[in-house]
Amino acid sequence: MLRLRSWRVSSNLTTRTFSNGPVCSAKAPNPYTKTILLPKTSFPLRADAVNREQLFRDRCTKDLYPWQLKNNPKDLFILHDGPPYANGNVHCGHALNKILKDIVNRYKVLQGHKVFYRPGWDCHGLPIELKALEQIRRKGDDLSPVDIRKIAKAKALSEVEKQMASFKSWGVMGDWDKPYLTLNSGYEIRQLRVLIDMIKNGYIYRQLKPVYWSPSSKSALAESELEYNEAHISQSIHVRFKVTNISDALKEKWSQHKDISALIWTTTPWTIPSNKAISVHPELMYSLVKIENDSFIVASDRVDALKDELKKDITVLDQVMGQELLGTQYKHPLIDEIMPIIGGHHVTAESGTGLVHTAPGHGMEDYEACLAHNITPFSPVDDSGRFTKEAGEELEGKEAFTDGTEAVIQMLGSDIILQQAYSHKYPYDWRTKKPVMLRATAQWFANVENLQQTATSVEYIIKILQERGTDAWWEETDDNVFVAPEYRGKKYTRGYDTMDVWFDSGTSWTMLRDIEGRDQSKPVADVYLEGSDQHRGWFQSSLLTSIAVTGKTPYSALITHGFALDEKGQKMSKSIGNTLEPALFTQGGKDKKKNPAYGTDVLRYWVANCEYTRDVTIGPSIIGIVSESLRKIRTTARFLLGNLHDFKEENYIEYDKLQEVDKYMLHELYKYNDRVTSAYNDFAFNKVAQNIQNFTNSTLSSFYFDTIKDRLYNESESSESRRMAQTVLYEVLKSYTTSIAPFVCHTAEEIYENYKSITPSPESSIFKAGWMVPREQWNNEPLSQKWAVLLDLKGEINQALESARQEKHIRSSQEAEVSLYLNKESKMNQLVESMPDTELASLFMTSQVNIVHDNNYIQGESERDSEIEGKKNSINTHRERDTVY
């Protein structure tokens with residue numbers, strides 16, 4: 001433990017000379033200019049990024065990508081690009097995604113890996129078709145499928161071209177000459193081969209099953225294509241379903257009760273025609289109640305709520321378990337059919353009546369409950385959301401959500417016990433902003449047996465499509481063209497089901513299987529990196545198709561990021577008017593004062609600073625802050641470059657000859673390199689950015705740069721002490737530039753361009769120079785512990801000096817002479833005396849440091865208490881008497 005009895009900071013004020021001689025002209029040369037070695041560099045402080053980034057882009061993108069595949073020595077690293085949708089302008093979410101991927105790839109390139117990154121686009125789907133038809137102002141009804149496909153293809157390709165230009169402008173490195181497009185024939189054929197393999201493995205079957213269906217776009221939707229309206233208004237109804245046969249368990253017990261009804265509650269009256277059962281929870285308690293002259297079955301926990309809703313007295317006649325109700329039958333309120341009461345574990349008593357109207361054609365939980373009882377789904381609604389003739393003459397042609405609902409309510413008549421408007425959360429089509437329904441359609445699903453013979457027929461179809469192109473499926477008039485010879489003689493009809501878009505993009509892993517140099521024992525990709533919405537989308541479809549066909553996952557690591565929100569944390573939306581395109585920041589807005597053109601690296605550095613595993617915010621003020629951080633990096637690089645203008649490799653000073661402060665700086669650089677490398681390995685890019693900022697502001701700017709300025713500026717050009725400092729600056733510059741390169745590739749290239757001539761093996765790009773490799777001898781923990789104490793001491797002295805400056809005893813620390821009053825036997829004394837006086841003066845940035853072994857000291861004009869390692873001490877500033885000559 002350090003024992004410091006006291007310290008004193010005393011200031012010898014600079015001697016002042018007064019003269020009545022002539023005043024020198026402002027234009028006269030300063031006689032001392034040539035005595036100071038000031039920094040010299042052509043590296044500009046102002047980035048002028050919009051113009052200068054172009055000078056360095058090719059070397060770190062299109063030139064670098066093929067070079068690293070050919071020349072880098074380590075094994076192949078594959079980051080597989082999840083294909084963005086080829087529809088619409090790029091947004092900040094695109095920038096977050098593409099730049100994150102590029103940071104990963106650039107780090108791997110610097111580490112010596114060969115990196116495979118082939119950008120892709122999802123070019124299929126209804127939104128592209130609708131956008132294409134809207135553009136030519138025509139409806140699809142008067143066009144053939146082939147015409148629509150051609151128009152949609154042209155639209156998709158034009159969107160790909162626009163999006164690609166934006167992605168490339170962000171400095172994203174990849175195989176831009178050979179992107180993969182899901183509309184390419186080769187891609188479509190590989191996709192069909194996955195389907196064959198899944199059929200062969202017994203995973204494919206066809207069945208009616210409810211899916212989210214959008215009547216407004218006439219398309220099935222994935223869950224990721226839904227958004228929820230929190231204030232949707234439905235007509236809720238309580239409906240009487242008259243019981244015809246009581247279950248065996250209750251037949252005798254309830255024999256005296258006549259005209260019993262099951263009371264259900266629903267917010268979708270239009271689904272009543274599709275009712276196939278009523279579900280109860282076997283383990284819930286149910287009551288037989290009297291409401292006026294009618295008897296109803298309801299959940300016991302809902303009786304009080306029903307009293308409030310109906311505003312009627314309710315008398316409980318009996319209570320039974322839900323299990324005892326199973327087997328009870330009722331008459332459908334709209335048709336002359338008898339239906340069962342079945343068990344369903346999805347039933348709760350949190351709302352409604354505890355008895356659930358069950359329509360397996362319009363609800364997934366209903367479907368699953370009925371599946372166990374072999375109850376077939378029934379969905380008399382067409383693609384437009386209108387009732388079909390199977391719903392009956394009174395409903396046929398009516399829209400289920402509107403006049404169809406009104407008609408059903410009228411048909412139920414007196415069986416409706418209560419009707420009221422009900423506001424609740426409801427799914428909407430995210431494109432059309434209109435409500436969707438769950439509707440049973442014939443879908444292809446996985447996991448059945450004995451369909452292997454179907455694979456042979458599909459193989460033959462693929463052969464025909466390979467020869468003629470996939471448009472042949474719509475162009476050919478004869479169905480037999482697609483029937484394998486061994487199956488001819490029977491009637492076969494082509495189906496026109498649409499391949500699920502997630503299956504479409506989810507089979508993209510197939511193109512990675514045959515990449516030269518890939519380790520066949522590993523998954524096809526090292527990393528998948530996409531937004532969190534892809535857990536139920538591309539991630540899942542890729543995983544399922546790969547496991548079904550290969551038995552392996554398609555990726556070794558899965559990384560997800562959040563969404564880009566505005567500065568208030570709101571989701572960006574055209575309807576709100578808060579959408580921000582990346583070009584606003586990179587190229588600037590119309591008013592350049594309000595929205596300056598920051599260039600690409602500021603956008604990239606924003607991504608680097610984000611905690612991307614969560615939703616992230618972006619806006620003008622945030623980008624402005626990021627720009628200032630990047631300016632500080634340029635300032636630091638400019639200092640390093642400027643003070644190495646006369647340094648060459650032969651001037652390098654070996655470690656053992658360095659001053660102690662230089663060795664300590666190299667220790668700090670070793671630790672910096674280690675922390676940054678570890679964070680990059682963990683994909684924790686915001687931690688890398690934090691380390692860069694701390695190293696820039698604290699270690700370099702506030703400590704080492706200040707400490708060595710006297711050596712750099714005032715000593716002779718070739719002095720050993722100056723070369724020592726330059727040696728350390730050279731090592732710092734190499735590591736510093738390399739560490740920022742994956743983030744701000746253009747800035748790093750510009751810095752490297754200004755110092756590569758002094759490196760042993762100059763390269764055309766910093767990404768060819770390799771990752772930073774600190775020397776093990778730099779790692780010196782005992783020295784670090786010693787300097788931790790010295791820096792604490794420096795902090796305390798700085799406080800005392802600041803007090804003296806505030807009291808106008810001194811103007812700057814270099815006018816002060818520091819006297820440290822120390823116990824001769826103390827550890828602090830031993831530590832300080834182990835340092836040369838000149839190094840101490842440089843550390844404290846004072847003209848001189850005196851060590852005084854005296855138990856008494858003259859009380860200073862400024863005093864402050866201080867504490868180092870738990871011991872309280874006093875620092876005093878003492879002003880010596882001014883001397884004027």
Problem - Shortest non-hydrogen contact between Ser287 and Ser300, atoms and distance - result: OG-OG, 2.6 Å
Handout entry: Any donor-acceptor N or O pair under 3.5 Å, side chains Thr271, His362
Key = no
Practice task
Check whether more than 12 heavy atoms from other residues, nucleotides or ligands sit under 6.0 Å from atom NZ of Lys290, and answer yes or no.
Solution key: yes
Problem - Under 3.5 Å donor-acceptor, Ser236 side chain and Gln420 backbone - result: yes
Handout entry: Whether His345 side chain and Pro282 backbone form a donor-acceptor pair below 3.5 Å
Key = no
Handout entry: Whether Thr328 side chain and Ser247 backbone form a donor-acceptor pair below 3.5 Å
Key = yes
Fill in the blank from the handout: One should read off an interatomic distance between Ile297 CD1 and Ile341 CD1, to the nearest 0.5 angstrom, of 5.0 Å
Problem - Leu226 versus Val436, closest heavy-atom pair with distance - result: CD2-CG2, 4.0 Å
Handout entry: Ring-ring centroid check Trp473 Phe482, cutoff 6.0 Å
Key = yes
Exercise for the section: Please lay out, stage by stage, how Leu355 and Leu263 fare under the test side-chain contact (heavy atoms from CB on, under 4.5 Å). Expected result: CA-CA 7 Å; Leu355 288 87; Leu263 186 63; 5.9 Å; no
Handout entry: Parallel, tilted or perpendicular, as decided by the 30° and 60° cut-offs, for the rings of Tyr422 and Trp265
Key = perpendicular
Practice task
Determine the minimum heavy-atom distance between Arg439 and Val381, stating which atoms define it.
Solution key: NE-O, 2.8 Å
Exercise for the section: Establish, for the pair Lys276 and Phe378, whether the NZ or CZ atom is under 6.0 angstrom from the six-membered ring centre and no further than 45 degrees off its axis. Expected result: yes
Handout entry: Residue among Val320, Val243, Leu317 satisfying side chain to side chain contact (heavy atoms under 4.5 Å, CB included) with Trp254
Key = Val320
Problem - Beyond-backbone contact of Pro554 with Leu543, side-chain heavy atoms, under 4.5 angstrom - result: yes
Handout entry: Test item: Tyr330 side-chain N/O and Arg240 main-chain N/O as donor-acceptor pair under 3.5 Å
Key = no
Handout entry: Flag, side chain of Glu365 to backbone of His346, donor-acceptor distance under 3.5 Å
Key = no
Handout entry: Side chain Thr268, main chain Trp270, donor-acceptor under 3.5 Å
Key = no
Exercise for the section: Tell me, yes or no, whether the heavy-atom count around Asp259 atom CG, taken from other residues, nucleotides or ligands under 6.0 Å, exceeds 12. Expected result: no
Practice task
Would you name the heavy atoms of Ser532 and Gly562 that are closest together and state the gap between them?
Solution key: OG-CA, 4.4 Å
Handout entry: Tyr286 (side chain) donor-acceptor with His281 (main chain) under 3.5 angstrom
Key = yes
Handout entry: Asp615 (side chain) donor-acceptor with Gly569 (main chain) under 3.5 angstrom
Key = no
Problem - Pair His238-Glu309, side-chain donor/acceptor within less than 3.5 Å - result: yes
Practice task
Determine whether more than 12 heavy atoms belonging to other residues, nucleotides or ligands lie under 6.0 Å from atom NZ of Lys253.
Solution key: yes
Practice task
Give a yes or no on whether a salt bridge exists between Asp147 and Lys150, defined as a side-chain N under 4.0 angstrom from a carboxylate O.
Solution key: no
Handout entry: Any side-chain donor near an acceptor of the partner, Thr267 and Ser234, under 3.5 Å
Key = no
Exercise for the section: Give a yes or no on whether Lys155 atom NZ has more than 12 heavy-atom contacts from other residues, nucleotides or ligands under 6.0 Å away. Expected result: yes
Completion exercise
Taken to the nearest 0.5 Å, the spacing of Asp294 CG from Lys242 NZ works out to 9.0 Å
Practice task
Starting at CD1 of Ile199, measure out to CG of Leu195 and round the result to the nearest 0.5 Å.
Solution key: 4.0 Å
Exercise for the section: Inspect the surroundings of CD in Glu390 and state if more than 12 heavy atoms from other residues, nucleotides or ligands are less than 6.0 Å away. Expected result: yes
Fill in the blank from the handout: Nearest heavy-atom approach of Gly354 to Arg302 is N-CG, 4.3 Å
Handout entry: Inter-residue atom distance Lys307.NZ - Ile314.CD1, 0.5 Å rounding
Key = 6.5 Å
Problem - Any donor-acceptor N or O pair under 3.5 Å, side chains Ser279, Thr358 - result: yes
Practice task
Over 60° means perpendicular and under 30° means parallel, so classify the ring planes of Tyr528 and Phe539, tilted if in between.
Solution key: tilted
Problem - Side-chain donor-acceptor pair present, Thr470, Arg149, cut-off under 3.5 Å - result: yes
Handout entry: Rounded distance (nearest 0.5 Å) linking atom CG of Leu418 with atom NZ of Lys312
Key = 8.5 Å
Exercise for the section: Report yes or no: does His373 contribute a side-chain atom to a donor-acceptor pair with the main-chain N or O of Cys370 at less than 3.5 Å? Expected result: no
Handout entry: Minimum-distance pair of heavy atoms, taken over all atoms of Pro210 and Gly363
Key = CG-O, 3.7 Å
Handout entry: Neighbour count >12 (heavy atoms, 6.0 Å) for atom NZ, Lys434
Key = no
Practice task
State whether a side-chain donor-acceptor pair under 3.5 Å links Trp509 with Thr545.
Solution key: yes
